[in-house]
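Counting begins at 1 with the first residue of the sequence. In this text, all values refer to a predicted model and were calculated from it rather than measured experimentally. Just so it is clear, the values below take in all heavy atoms, side chains as well, and ignore hydrogens, waters and symmetry mates.
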Amino acid sequence: GGRPCHTSCVRMSRPRVVLRAALLLAGGAFMLWKAAGSHRAARQVPGADGLLLDRLALVWGLVGALALATAAVALLSLRSRARRHTLQLKDKEWR
C-alpha cells in the first residue's frame with residue numbers, strides 16, 4: 001500500500017540538518033587536510049610510491065570538496081523562502 005522507498009519524501013528537522021552539515025564540514029575539512037599532507041609527503045617519496053600517494057591525495061581532495069559542497073547545499077536548504085503559488089488560474093478561461 002505505501003509509496004516505494006525511492007520516491008518517499010523525507011523531511012528532516014532543522015537541528016538534524018545543521019548536525020548533518022556540521023559533520024560534513026568537519027569530514028570535508030579533515031579530508032582536505034589529509035590530502036594536503038599526503039601531497040606534501042608524495043613529493044619526498046620517489047617512484048611509484050610517490051605517484052600512488054599523489055593519486056590518493058587527489059581522491060581525498062575530491063572527496064573533501066564534495067563533502068564541503070554537500071554541506072553548503074544542506075545549509076542553503078535552511079534559509080526561509082516565501083511560498084510561491086505555481087498554479088495561476090487567473091489567465092485561464094473556463095467553459
Original post:
For V45, what are the other residues in its hydrophobic cluster, where any two members join if their side-chain heavy atoms are less than 4.5 angstrom apart?
Top reply: L53
Original post:
By side-chain contact (heavy atoms from CB on, under 4.5 Å), which residues pair with R40, not counting sequence neighbours?
Top reply: A36
Original post:
Linking Ile, Leu, Val, Met, Phe, Trp and Tyr through side-chain heavy atoms less than 4.5 Å apart, which residues share a cluster with L24?
Top reply: none
**OP:** Please name all residues satisfying side-chain contact (heavy atoms from CB on, under 4.5 Å) with R55, sequence neighbours left out, ordered by chain then number.
**Re:** L51
Original post:
What residues join L23 in its hydrophobic cluster, counting side-chain heavy atom gaps under 4.5 Å, either direct or through other members?
Top reply: L19
**OP:** Could you name each residue pair satisfying ring pair (Phe, Tyr, Trp, His ring centres under 6.0 Å) that touches residues 33-55, not counting sequence neighbours?
**Re:** F30-W33
**OP:** Following the transitive rule for hydrophobic clusters with a side-chain heavy-atom cut-off under 4.5 Å over Ile, Leu, Val, Met, Phe, Trp and Tyr, establish whether L56 and M31 coincide in one cluster.
**Re:** yes
Contacts table for residues 58-78: side-chain donor-acceptor under 3.5 angstrom, sequence neighbours left out:
| from | atom 1 | to | atom 2 | distance (Å) |
| --- | --- | --- | --- | --- |
| T70 | OG1 | L66 | O | 2.8 |
| S77 | OG | A74 | O | 2.6 |

